[in-house]
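All values reported here derive from a predicted model rather than from experimental measurement. In the text below, chain A, chain B and the rest are named by the order of the sequence lines, each starting its count at 1.
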2 protein chains.
Amino acid sequence: MSQRNTAVTDQLTAPTDASSPEDCPLPEVLALIGDKWSAQVLVQLGEGPHRFTQLERAIEGISRRMLTVSLRNLERNGLITRTVYPDSPPRVEYATTALVEDIRAPLEALAAWARYASPVIAAARHAYDNRH
Amino acid sequence: MSQRNTAVTDQLTAPTDASSPEDCPLPEVLALIGDKWSAQVLVQLGEGPHRFTQLERAIEGISRRMLTVSLRNLERNGLITRTVYPDSPPRVEYATTALVEDIRAPLEALAAWARYASPVIAAARHAYDNRH
DNA sequence: CTGGATCCGGCAAGATACTG
DNA sequence: CAGTATCTTGCCGGATCCAG
């Protein structure tokens, strides 16, 4: 199942025109991690395995319920693993799977873009609002 | 691992360690284009300027209302421009701004990842559902 | 042709309380 | 500690009609 595969990005560099937006599965990705919290969970887990409360504290503003929902969803889609240790008190650890390795780069690129674009966007928004 | 980066990401990931998830502005990006349609609109406009009806036909399943809403939102945030030509019947053209150029690469990387990961995810989901 | 305005159902998601 | 269950609210988004 979990084959390490770095050939993903090779498809990109390939000189195919590849820009046909018809078969662009971008919506699928966004359906997976495009919601309010999943991406942050993935980013946080990128730092290494985390326990439930650890995540809850690390991710500002998330509710217990939403954390649970996000984790279940990510687990269901095979993006994270959930390991229960038979301790007392109970201990559960979440970690990313190999699948996630290959999106970390584009995700960080997006984050980098955000840092750079944020003030520009704020200015554009302000200008637009003044115009209306 | 992956090495396909634009000027923007090169500049910004270089100086700092970039792996601190605290100041990760990923949620901002997702708030911008993480909704159901905006990303597809951007992708479509990446092919070149489009008129309203042209977009409506190109993007499968979008309603007029949602197209309008998405376009307004993108315009407000400075990601696209809206040009009105004083013709009869009225003609309006939408095009991406320079800001968008720099996210196209990571966005396509995400799409490529989706193509590769889709079957794996489907399998994981199926396995999970059987387990419950 | 390019939208705006309005109504409305359904789901996302916060708050709160309870449990093994 | 690591969740569930339930209630409630907000808003996303589809349908429909109207307008310049």
Side-chain angles (χ1 to χ4, degrees), chain A residues 26-42 44-45 48-77 80-96 128-129 131-132, chain B residues 26-42 44-45 48-77 79-96 128 131-132:
Chain A
L26 211 50
E28 295 184 29
V29 197
L30 296 175
L32 279 179
I33 60 164
D35 68 304
K36 197 173 179 182
W37 302 109
S38 295
Q40 288 185 76
V41 171
L42 283 187
Q44 193 62 41
L45 287 183
H50 281 67
R51 306 179 54 173
F52 187 90
T53 316
Q54 220 173 342
L55 285 171
E56 190 181 6
R57 276 186 304 242
I59 302 178
E60 187 90 6
I62 196 173
S63 66
R64 255 198 215 110
R65 175 183 140 80
M66 277 303 104
L67 181 55
T68 301
V69 171
S70 302
L71 287 172
R72 287 291 169 281
N73 202 39
L74 290 172
E75 184 196 1
R76 185 172 110 98
N77 292 324
I80 66 174
T81 61
R82 177 176 180 271
T83 334
V84 182
Y85 299 92
D87 296 6
S88 180
R91 188 169 129 243
V92 179
E93 271 197 354
Y94 295 92
T96 59
Y128 182 96
D129 289 345
R131 236 179 293 134
H132 298 71
Chain B
L26 211 50
E28 296 184 28
V29 197
L30 296 176
L32 280 180
I33 60 165
D35 68 305
K36 196 172 179 182
W37 303 109
S38 295
Q40 289 186 72
V41 171
L42 283 187
Q44 193 62 39
L45 287 182
H50 282 67
R51 303 180 55 175
F52 188 88
T53 317
Q54 219 173 345
L55 285 171
E56 191 181 6
R57 278 187 302 243
I59 302 176
E60 187 90 6
I62 196 173
S63 67
R64 264 207 271 282
R65 174 183 143 79
M66 277 304 104
L67 181 54
T68 302
V69 170
S70 301
L71 287 172
R72 286 291 167 281
N73 203 39
L74 290 171
E75 184 196 1
R76 186 171 110 97
N77 292 324
L79 297 184
I80 67 174
T81 61
R82 176 177 181 271
T83 331
V84 183
Y85 298 93
D87 297 4
S88 179
R91 188 169 128 243
V92 179
E93 272 197 356
Y94 295 93
T96 58
Y128 182 95
R131 233 179 295 133
H132 299 70

Colleague: Got a sec? Which of residues 80-91 of chain B come in under 4.0 Å of DNA chain D, heavy atoms?
Modeller: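 Within this stretch, B:Pro90 sit under 4.0 Å of the strand.
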
Colleague: Side chain to side chain contact (heavy atoms under 4.5 Å, CB included) for B:Leu55 and B:Leu71? Distances and angles first, verdict last.
Modeller: CA-CA 10 Å; B:Leu55 285 171; B:Leu71 287 172; 4.0 Å; yes

Colleague: Verify side chain to side chain contact (heavy atoms under 4.5 Å, CB included) between A:Asp35 and A:Ser70, making sure each step is shown before the conclusion.
Modeller: CA-CA 9 Å; A:Asp35 68 304; A:Ser70 302; 4.2 Å; yes

Colleague: The criterion is side chain to side chain contact (heavy atoms under 4.5 Å, CB included); which residues satisfy it with A:Ile59, sequence neighbours excluded?
Modeller: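 Partners of A:Ile59 by the side chain to side chain contact (heavy atoms under 4.5 Å, CB included) criterion, ordered by chain and then number, come out as A:Trp37, A:Gln40, A:Val41, A:Ile62.
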
Colleague: Calculate the interatomic distance between A:Ile59 atom CD1 and C:dA13 atom P; express it in whole Å.
Modeller: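 Roughly 14 Å, once rounded to whole Å.
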
Colleague: Whole-Å distance between C:dA12 C1' and A:Arg72 CZ?
Modeller: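 Those two atoms, CZ and C1', are 18 Å apart.
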
Colleague: Expressed as a whole number of angstroms, how long is the span from B:Arg57:CZ to C:dC1:C1'?
Modeller: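 Rounded to whole Å, this separation is 11 Å.
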
Colleague: A:Gln40 has an atom CD; how far is it from atom P of C:dA13, in whole Å?
Modeller: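 Between P of C:dA13 and CD of A:Gln40: 12 Å.
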
Colleague: Between atom CG of B:Leu42 and atom CD1 of B:Ile80, what is the distance when rounded to the nearest 0.5 Å?
Modeller: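 One finds 7.5 Å between CG of B:Leu42 and CD1 of B:Ile80.
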
Colleague: Rounded to the nearest 0.5 Å, how far apart are CG of B:Leu79 and CG of B:Leu45?
Modeller: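 Nearest 0.5 Å value for the CG-CG distance: 10.5 Å.
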
Colleague: Could you note down all residue pairs passing salt bridge (Lys or Arg N to Asp or Glu O under 4.0 Å) where residues 67-77 of chain A supplies at least one of them, sequence neighbours left out?
Modeller: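 Non-adjacent pairs meeting salt bridge (Lys or Arg N to Asp or Glu O under 4.0 Å): A:Arg76-B:Asp129.
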
Colleague: Starting at OH of B:Tyr128, measure out to CZ of A:Arg82 and round the result to the nearest 0.5 Å.
Modeller: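 One gets 8.0 Å once the value is rounded to the nearest 0.5 Å.
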
Colleague: Who are the side chain to side chain contact (heavy atoms under 4.5 Å, CB included) partners of A:Thr83, not counting sequence neighbours?
Modeller: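 Applying side chain to side chain contact (heavy atoms under 4.5 Å, CB included) to A:Thr83 gives A:Thr81, A:Tyr85.
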
Colleague: In whole angstroms, how far is the C1' atom of C:dG3 from the CD atom of B:Glu56?
Modeller: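 Whole-Å distance recorded here is 10 Å.
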
Colleague: Using a heavy-atom cut-off of 4.0 Å to chain A, what are the terminal contacting nucleotides of DNA chain D, in 5' to 3' order?
Modeller: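 Using the under 4.0 Å cut-off, the span is D:dC1 to D:dT6.
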
Colleague: Rounded off to whole Å, could you give me the CG-to-P distance for the B:Leu71 and C:dC1 pair?
Modeller: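 It works out to 16 Å between those atoms.
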
Colleague: If I take atom OG1 from residue A:Thr96 and atom NE2 from residue A:His50, how far apart are they, to the nearest 0.5 angstrom?
Modeller: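 Answer for the OG1-NE2 pair, A:Thr96 versus A:His50, is 10.5 Å.
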
Colleague: Picking from A:Arg51, A:Arg65, A:Arg64, what satisfies salt bridge (charged side-chain N to carboxylate O under 4.0 Å, His left out) with A:Glu56?
Modeller: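 Filter result, single survivor: A:Arg64.
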
Colleague: Does any part of the side chain of A:Thr68, heavy atoms only, come nearer than 4.5 Å to the side chain of A:Phe52, both counted from C-beta?
Modeller: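 They are in side-chain contact.
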
Colleague: What are the atom names and distances for every N/O pair under 3.5 Å that joins the protein to nucleotides 14-17 of chain C?
Modeller:
{"unit_1": "C:dG14", "atom_1": "OP1", "unit_2": "A:Lys36", "atom_2": "NZ", "d": "3.2"}

